[in-house]
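Here is the structure we will look at.
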Amino acid sequence: MGGQENMITRRGQLKASITRFSNYLQSQSVDSTEVKARREKIEESWAEYEQVQAAIEMEEGISLDVQNKYRMEFEDLYFKTIAAAEKIMIAAGSTVSQDESRNKNSDIDIPNACMNKALSTVKLSSLSVPEFTGNYQEWASFYDIFSALIDNNVSLTAIEKFFYLRESLSGEALSSIKCLETTSNNYTVAWQSLITRYNNERVLVQAHVKAIYSGGTTYD
């Protein structure tokens, strides 16, 4: 039992380190350089957690239901924290690019520099994608917005797109990709899986007709 207790204690320490990072990201004194360093350390914690959790689940007398619940809670905390860190780093990178552009053009075209800053701010704020729960009636709108802002955004890496995707899903939609590890290669797998599942014309038509007859959709 000593080994099992040690592993459970270590797992708690790893979760606590992610919680501290999450709290730091919500503080008023966030530094993007420090965020990057802390995120790299947290990613190491994730790799260790995977090993520790797997070892715990192999122990005799362990309730798998309890462990699955803990795993889901841990993964949810980790992914949300990493996604929050990514957003801060992207915002910081955008600000640096704006400053460099403004410095290069400050003595020739100040109005354009100000315009570029405003447009960049609008673009950054628009990266907030509406949540998709798995409701077929919401799929078309979610698909169009996510495709335009995230999937077709060449400035984002595949892993960043995957973080945005997880952040934008909940309920049944999130559960459908829960089993996929968050890696660059799995982003395309996850996105295509959602398209295959929800871009079903027959089901979409049925959902639309049901909404009409249930009073969910009206026409002027």
Please table the atom pairs, donor to acceptor, closer than 3.5 Å between any side-chain atom in residues 180-190 and protein atoms at least two apart or in another chain.
{"from": "T182", "atom 1": "OG1", "to": "R166", "atom 2": "NE", "distance (Å)": "2.9"}
{"from": "T183", "atom 1": "OG1", "to": "N186", "atom 2": "N", "distance (Å)": "3.3"}
{"from": "T183", "atom 1": "OG1", "to": "N186", "atom 2": "ND2", "distance (Å)": "3.4"}
{"from": "N186", "atom 1": "ND2", "to": "E181", "atom 2": "O", "distance (Å)": "2.8"}
{"from": "Y187", "atom 1": "OH", "to": "D151", "atom 2": "OD1", "distance (Å)": "2.6"}

Pairs of donor and acceptor atoms involving the side chains of residues 167-175, under 3.5 Å and at least two apart or interchain, shall be tabulated with distances.
{"from": "S168", "atom 1": "OG", "to": "Y164", "atom 2": "O", "distance (Å)": "2.7"}
{"from": "S170", "atom 1": "OG", "to": "E131", "atom 2": "OE1", "distance (Å)": "3.2"}
{"from": "E172", "atom 1": "OE2", "to": "Y198", "atom 2": "OH", "distance (Å)": "3.1"}
{"from": "S175", "atom 1": "OG", "to": "G171", "atom 2": "O", "distance (Å)": "3.1"}

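Residue Q67 comes nearest to I56 through the heavy atom pair OE1-CG2, 3.7 Å, listed as atom of the first residue, atom of the second, then distance. In plain terms, the two heavy atoms of V35 and M89 that are nearest each other are CG1-CG, 4.0 Å. Closest approach of A85 to L25, counting heavy atoms only: N-CD1, 3.8 Å.
Taking the six-membered ring for Trp and the full ring otherwise, Y136 and W139 have centroids separated by 6.0 Å or more.
Cluster membership check: I150 shares its hydrophobic cluster with I195, using side-chain heavy-atom separations under 4.5 Å among Ile, Leu, Val, Met, Phe, Trp and Tyr. V30 and I18 fall within the same hydrophobic cluster, where Ile, Leu, Val, Met, Phe, Trp and Tyr residues are linked whenever their side-chain heavy atoms come under 4.5 Å apart, directly or through other members.
Taking K15 as the reference, E73 meet the salt bridge (Lys or Arg N to Asp or Glu O under 4.0 Å) condition, with sequence neighbours excluded. With sequence neighbours excluded, the residues forming a salt bridge (Lys or Arg N to Asp or Glu O under 4.0 Å) with K80 are D76, listed by chain and number. Under the salt bridge (Lys or Arg N to Asp or Glu O under 4.0 Å) criterion, E160 pairs with no residue at all, not counting sequence neighbours. Listed by chain and number, the residues in a ring-ring contact (aromatic ring centres under 6.0 Å, His included) with Y24 amount to none (sequence neighbours excluded). For E50, the side-chain hydrogen bond (donor to acceptor under 3.5 Å, both in side chains) criterion is met by R71, not counting sequence neighbours. Not counting sequence neighbours, E40 has no partner by the side-chain hydrogen bond (donor to acceptor under 3.5 Å, both in side chains) test. Shown here are the ring-ring contact (aromatic ring centres under 6.0 Å, His included) partners of Y70, two or more places apart in sequence or in another chain: there are none. Under the ring-ring contact (aromatic ring centres under 6.0 Å, His included) criterion, F146 pairs with F142, W191, sequence neighbours left out. Applying the side-chain hydrogen bond (donor to acceptor under 3.5 Å, both in side chains) rule to S22 yields the partners Q26; only residues at least two apart in sequence or on another chain are considered.
Here the OG1 atom belonging to T81 is positioned 10.0 Å from the CZ atom belonging to F163, to the nearest 0.5 angstrom. Note: F74 CZ to T19 OG1 = 8.5 Å, rounded to the nearest 0.5 Å. Here the straight-line distance linking atom CZ of R197 with atom CD1 of I177 works out to 11.0 Å at 0.5 Å rounding. Note that CD of E138 and OG1 of T133 are 4.5 Å apart. Values are rounded to the nearest 0.5 Å.
Here the side chains of Y49 and Q13 are not in contact, with every heavy-atom distance at 4.5 Å or above.
Heavy-atom contacts from other residues, nucleotides or ligands closer than 6.0 Å to NZ of K36 number 12 or fewer. Heavy atoms from other residues, nucleotides or ligands lying under 6.0 Å from OH of Y143 number 12 at most.
The salt bridge (charged side-chain N to carboxylate O under 4.0 Å, His left out) contacts involving residues 21-35 comprise E34-R38, where partners must be two or more places apart or lie in separate chains.
A distance-only check finds a donor-acceptor pair linking the side chain of S17 to the backbone of L14 [under 3.5 Å].
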Original post:
S45 and E48: side-chain contact (heavy atoms from CB on, under 4.5 Å), yes or no, with the steps?
Top reply: CA-CA 5 Å; S45 297; E48 183 179 351; 5.7 Å; no
Subject >> side-chain contact (heavy atoms from CB on, under 4.5 Å) between I42 and I82, worked out >> reply: CA-CA 8 Å; I42 289 299; I82 290 295; 4.1 Å; yes
